[in-house]
Amino acid sequence: MSEKIVLIDGHSIINRAFYGVPDLTNSDGLHTNAIYGFLNIMFRILDEEKPDYLAVAFDLKAPTFRHQMYDAYKGTRKPMPEELREQVPVLKEVLQAMGIPLLMKEGFEADDLLGTAARVSEEKGINAVIVSGDRDLLQLATDNVLIRMPKTKRGTTEIENYYAADVKEAYQVNPPQIIELKALMGDASDNIPGVPGIGEKTATNLIVAYGSIENAYAHVEEIKPNRAKEALRNHYDMAKMSKKLATICVQAPLELSWENAKLTNLYTPEVYEWFKKLNFKKLLSRFDLTGTELPSVPEVKRVTELGEAESIFAKAADQDRLAFEICQSKDEFGISLALSEQEVYYLAAEGFLTEEYLTDHMTQVVEQVPLCAASDVKKLLKMVHPVHREHFFDIEIAAYLINPLISSYAHEDMGTPHAALTTLKKLPELLNKLDEMEMRSLFDEVEMPLVFTLFDMEQEGMRVNAEELKAYGEALVDKISALEKSIHEAAGEEFNINSPKQLGVILFEKLGMKGGKKTKTGYSTSAEVLDKLAPEHPIVRDILEYRQLTKLKSTYADGLAGCIAADGRIHSSFNQTITATGRISSTEPNLQNIPVRMELGRLIRKVFIPSDGYVFVDADYSQIELRVLAHMSGDEKLIEAYRQAEDIHRITASQVFHVPFDEVTPLQRRNAKAVNFGIVYGISSFGLSQDLSISTKEAKEYIDRYFETYPGIKVFLDKLVQDAKEQGYVTTMFGRRRPVPELKSSNFMQRSFGERVAMNSPIQGTAADIIKIAMNRVHDRLLREGLESRLILQVHDELLIEAKLSEADQVEQILREEMQQAADLQVPLEIDLHRGNNWYEAK
DNA sequence: TCAATCACG
DNA sequence: ACGTACGTGATTGAG
């Protein structure tokens with residue numbers, strides 16, 4: 001069997017990948033979708049073809065002579081979007097790291113290099129496979145040269161294959177005649193002008209009949225359609241030039257080194273590092289599959305003997321830093337422990353080496369080592385609980401502060417014997433970056449202490465009255481089935497009301513309601529749309545109510561019931577590395593979105609109850625984000641407004657609409673409130689107009705008047721956007737960062753989003769910082785003052801404490817002091833306090 | 001696995 | 001001309 005070479009048209013494939021793969025960005029904000037797509041196509045081809053050689057051709061930046069000819073004739077080529085341009089050099093580096101030769105030659109296009117390489121290969125008796133999305137390349141097909149063209153069809157990539165015979169079948173001409181076809185019909189994407197008035201049909205007919213352009217001209221008088229005859233006669237020069245442009249040069253002075261192109265091991269340590277840097281998790285797995293060598297790692301010593309473990313723990317205790325990870329699975333428990341990058345142990349729980357022994361000793365070690373790095377310290381605290389909590393360094397939280405936009409911070413080695421080694425290796429750079437980015441105190445004084453606050457909150461959990469919850473759910477069932485029946489009757493058939501697709505058909509087709517398309521996939525049936533349709537048909541109100549009730553049933557009644565632990569309490573997880581702004585999030589269950597706005601939903605809060613002898617004390621900040629805005633902007637008028645008035649929306653209305661405070665109408669107040677919200681979200685006249693159901697023109701007037709009234713706000717928001725554009729990120733009062741890569745996008749929508757983010761994140765983030773500080777202080781004071789009351793919940797601007805009856809007054813005092821003093825602002829930080837025997841009463 | 005929907009701040 | 005408010009998580013249906 002003869003040898004085979006794969007030749008890839010670099011620019012063509014990266015282009016195709018760019019437009020075919022959804023936007024991806026790595027942790028540095030570099031776009032990676034085109035690189036990812038390119039590599040996927042390349043690996044697929046390599047898997048299928050199993051070639052002996054591989055090379056990738058690129059155009060050089062300098063214009064080639066073919067383009068010079070054309071540029072002189074007309075304009076220039078369309079520019080490449082910045083998001084793609086930045087990926088090209090990275091791809092080239094990755095390919096070079098794989099040892100793949102890049103074919104580039106000044107004065108020649110990638111086409112020419114591919115053509116030349118294919119011809120040279122064929123002469124040597126080597127089969128060539130050219131991969132490109134460019135139909136021009138079809139002229140190179142022979143019995144030994146295969147052209148493969150990837151096509152994106154319905155999300156999946158299909159590849160069309162062309163040998164000479166396939167070209168003939170598809171186009172009725174031989175491969176070299178593709179040149180003639182292109183020259184006649186032209187190709188806008190390839191900048192070939194063609195002959196005006198001749199399209200694909202006529203061009204094919206002419207070449208099938210005469211074989212070549214020259215021969216067609218020789219017989220120009222007999223050409224049938226008069227239109228074609230005239231077109232040819234009038235544009236002879238154009239046809240000749242187009243032919244030159246369309247002809248791929250197969251005689252380029254190319255020195256293809258077969259030795260370099262020989263396909264050996266693509267999976268080098270260097271490539272491994274690249275894939276990690278680009279966040280190509282899926283591609284990283286190819287390293288394991290191929291069994292190729294990974295970057296060299298020291299031997300991990302597996303320890304199962306008591307005596308040996310003892311001496312390792314003793315040695316560990318003398319270190320000034322270390323890393324450890326707990327590896328726990330179905331039938332395995334062990335501690336990965338790295339004392340240095342050369343000394344790594346895996347202590348397995350076997351025989352005399354019990355889990356308790358390992359975790360107890362690990363606790364002692366952490367007690368004595370000033371810097372202990374690990375991944376997810378909150379989870380570790382279930383097993384390791386030293387007094388010196390400040391010794392812990394959570395690498396995931398550090399990485400989150402450095403870039404909060406990453407979806408997961410767990411490294412690939414978690415759960416393996418060398419997990420701790422990877423953790424230890426990451427430590428120096430994390431420390432450096434935290435210092436460089438001036439987030440060390442945010443990390444040390446806010447985020448790491450918060451780990452323990454959140455841990456304790458999770459352990460405490462929240463008591464639930466299971467019987468009452470069950471009753472609440474059951475009460476919903478009858479109402480739901482009644483509504484279901486009524487809806488099906490009104491519709492005249494049974495269908496799944498929960499399916500927006502089916503519901504859309506019923507409402508907009510069967511019942512003929514006007515609503516039209518709104519989403520990508522079909523009709524929108526959102527509450528917003530349905531509200532407007534409600535007067536048209538009684539079914540709509542039923543559907544809205546059905547939606548409301550089923551939501552309460554499935555997400556809250558059933559959902560919460562499934563989360564009650566053996567102790568009769570719900571232990572939600574509070575996640576510290578999820579949000580882009582610095583807020584915490586709550587999962588399994590989410591206790592931060594328990595209904596409150598609608599009375600029926602709000603009633604579910606009655607099932608959340610304190611332990612016997614305890615009472616709930618709930619405190620929430622009053623408009624913390626707007627107060628943060630007043631402080632950060634330094635706007636005198638807004639600050640003054642907060643110092644004198646209780647009702648900020650009312651005073652805003654009074655000042656913006658120039659009416660006395662006591663004469664503000666409810667509508668004016670409502671509008672002012674909406675503008676206040678809009679400002680915090682990153683104002684846009686469109687957004688405000690939607691919220692208030694007014695025209696964008698009116699919305700813009702409101703905004704202009706607002707900025708006239710509070711000029712400091714406008715200056716502040718403009719500066720946030722400007723700084724973000726210069727620096728690439730925004731910061732909170734406490735130094736927390738959020739990168740805003742969207743600001744560099746060439747897409748208007750993305751860029752606008754970036755601007756709103758630049759305005760909102762410092763405000764939302766600062767508010768998040770403040771309540772985190774307050775949480776830590778409240779948590780610490782409860783412990784330090786020897787109280788039995790416990791912080792159990794945070795809902796962004798609200799803290800809930802399960803307070804011992806006898807301590808309730810003291811708890812209120814602590815909440816008031818610590819929440820108000822958490823930050824020193826130019827406006828007072830006010831809170832509302834409530835007590836209750838359940839969460840409903842306490843809110 | 002993704003889109004639509006809706007609960008919260 | 002573009003086509004939106006900022007930040008989350010759970011459930012459901014459908015590919």
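- Here, B/dA4 and C/dT4 have their P atoms 12 Å apart, quoted to the whole Å.
- The pair A/Glu802-A/Arg463 does not count as a salt bridge, with every side-chain nitrogen at least 4.0 angstrom from each carboxylate oxygen.
- The shortest distance between the side-chain N/O atoms of A/Thr581 and the OP1/OP2 oxygens of C/dG7 is not below 4.0 Å.
- As rounded to whole Å, 13 Å separates atom C1' of C/dA5 from atom CE of A/Met749.
- Each of A/Thr766, A/Thr581, A/Leu442 was checked for a side chain to side chain contact (heavy atoms under 4.5 Å, CB included) with A/Arg736, and the lone residue meeting it is A/Leu442.
- For A/Leu793 and B/dC8, the CG to P distance is 15 Å, given to the nearest whole Å.
- In this structure, the nucleotide among C/dT8, C/dA5, C/dG7 sitting nearest to the side chain of A/Leu688 is C/dA5.
- Screening residues 495-510 of chain A for salt bridge (Lys or Arg N to Asp or Glu O under 4.0 Å) gives A/Glu493-A/Lys510 as the qualifying pairs, with residues at least two apart or on separate chains.
- No side-chain N or O of A/Ser761 forms a donor-acceptor pair with one of A/Arg756 less than 3.5 Å apart.
- Residues A/Arg751 and A/Ser746 bring no donor and acceptor atom of their side chains to less than 3.5 Å of each other.
- Screening A/Glu818, A/Glu798, A/Gln820 for a side chain to side chain contact (heavy atoms under 4.5 Å, CB included) with A/Ile831, the sole residue that qualifies is A/Gln820.
- Taking the charged nitrogens against the carboxylate oxygens, A/Glu545 and A/Lys479 have no contact shorter than 4.0 Å, which rules out a salt bridge.
- Checking A/Ser524 against A/Thr519 by side-chain atom types alone, no donor-acceptor pair falls below 3.5 Å.
- Counting distance only, with no hydrogens placed and no angle test, the side-chain atoms of A/Arg547 and the base atoms of B/dT5 include no donor-acceptor pair under 3.5 Å.
- Between the CG atom of A/Leu507 and the P atom of B/dT5 there is a distance of 11 Å, given to the nearest Å.
- Taking side-chain N and O atoms only, A/Arg738 has a distance below 4.0 Å to OP1 or OP2 of C/dG7.
- For residues 521-532 of chain A, proximity to DNA chain B is found at A/Thr521, A/Ser524, A/Thr525, A/Ser526, A/Ala527, defined as any non-hydrogen atom under 4.0 angstrom from a strand atom.
- Between the C1' atom of C/dG7 and the CD1 atom of A/Ile578 lies a distance of 13 Å, rounded to the nearest Å.
- For the side chain to side chain contact (heavy atoms under 4.5 Å, CB included) test, residues two or more places apart in sequence or in another chain that qualify with A/Asn676 are A/Leu626, A/His649, A/Thr652, A/Tyr706.
- For A/Ala724, the side chain to side chain contact (heavy atoms under 4.5 Å, CB included) partners two or more places apart in sequence, or in a different chain, are A/Val730, A/Leu743, A/Ala758.
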Give me, pair by pair, the N or O atoms of the protein and of nucleotides 10-14 of chain C that are less than 3.5 Å apart, along with how far apart they are.
from	atom 1	to	atom 2	distance (Å)
C/dA10	OP1	A/Glu588	N	2.8
C/dG13	OP1	A/Asn496	ND2	2.9
C/dG13	O3'	A/Ser499	OG	3.3
C/dA14	OP1	A/Ser499	OG	2.7
C/dA14	OP1	A/Gln502	NE2	3.2

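- One can place CD of A/Gln690 at 8 Å from C1' of C/dT4, the figure rounded to the nearest angstrom.
- Among residues two or more places apart in sequence or in another chain, the side chain to side chain contact (heavy atoms under 4.5 Å, CB included) test is passed with A/Pro404 by A/Tyr400, A/Pro739.
- At the heavy-atom level, A/Ala699 lies nowhere under 4.0 Å from the strands shown.
- If you measure from atom CD1 of A/Ile594 to atom C1' of C/dT8, you get 13 Å, rounded to the nearest angstrom.
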Both distances under 3.5 Å, Watson-Crick or G-U wobble: on that basis, could you give the dot-bracket string for DNA chain C, with [ ] for crossing pairs and | for other-strand partners?
.....|||||||||.
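- Residues of residues 675-684 of chain A having a heavy atom closer than 4.0 Å to DNA chain C, listed by number: A/Gly678, A/Tyr681, A/Ser684.
- Under the side chain to side chain contact (heavy atoms under 4.5 Å, CB included) rule, A/Glu460 has a single partner from A/Leu791, A/Ile792, A/Leu793, which is A/Ile792.
- Not one side-chain nitrogen or oxygen of A/Arg583 sits closer than 4.0 Å to the OP1 or OP2 atom of C/dG7.
- Checked against a 6.0 Å centroid threshold, the rings of A/Phe657 and A/Tyr702 count as neighbours.
- Cation-pi geometry between A/Lys714 and A/Phe707 is satisfied (NZ or CZ under 6.0 Å from the ring centre, within 45° of the ring normal).
- Proximity note for A/Tyr556 (side chain, C-beta onward) versus C/dC2, B/dA7, C/dG7: the nearest is B/dA7.
- Listed by first then second residue, pairs satisfying salt bridge (Lys or Arg N to Asp or Glu O under 4.0 Å) with a partner in residues 574-597 of chain A read A/Arg583-A/Glu625, not counting sequence neighbours.
- Among residues two or more places apart in sequence or in another chain, the side chain to side chain contact (heavy atoms under 4.5 Å, CB included) test is passed with A/Glu742 by A/Val740, A/Gln750, A/Phe753.
- No contact: A/Leu552 has no heavy atom under 4.0 Å from any strand.
- Going from the P atom of C/dA5 to that of B/dT5 covers 13 Å, rounded to whole Å.
- Rounded to a whole Å, the CD atom of A/Glu742 is 8 Å from the P atom of C/dG7.
- Counting any heavy atom pair closer than 4.0 Å across all strands shown, A/Arg597 reaches a base atom.
- For the residue pair A/Ser622/A/Asp832, the side-chain donor-acceptor check at 3.5 Å is not satisfied.
- Within residues 761-771 of chain A, the residues approaching DNA chain C are A/Gln764, by heavy-atom distance under 4.0 Å.
- C/dC6 atom P lies 12 Å from atom CG of A/Asp691, rounded to whole Å.
- Legend: residues meeting ring-ring contact (aromatic ring centres under 6.0 Å, His included) with A/Phe508, ordered by chain and number and at least two apart, are A/Tyr523.
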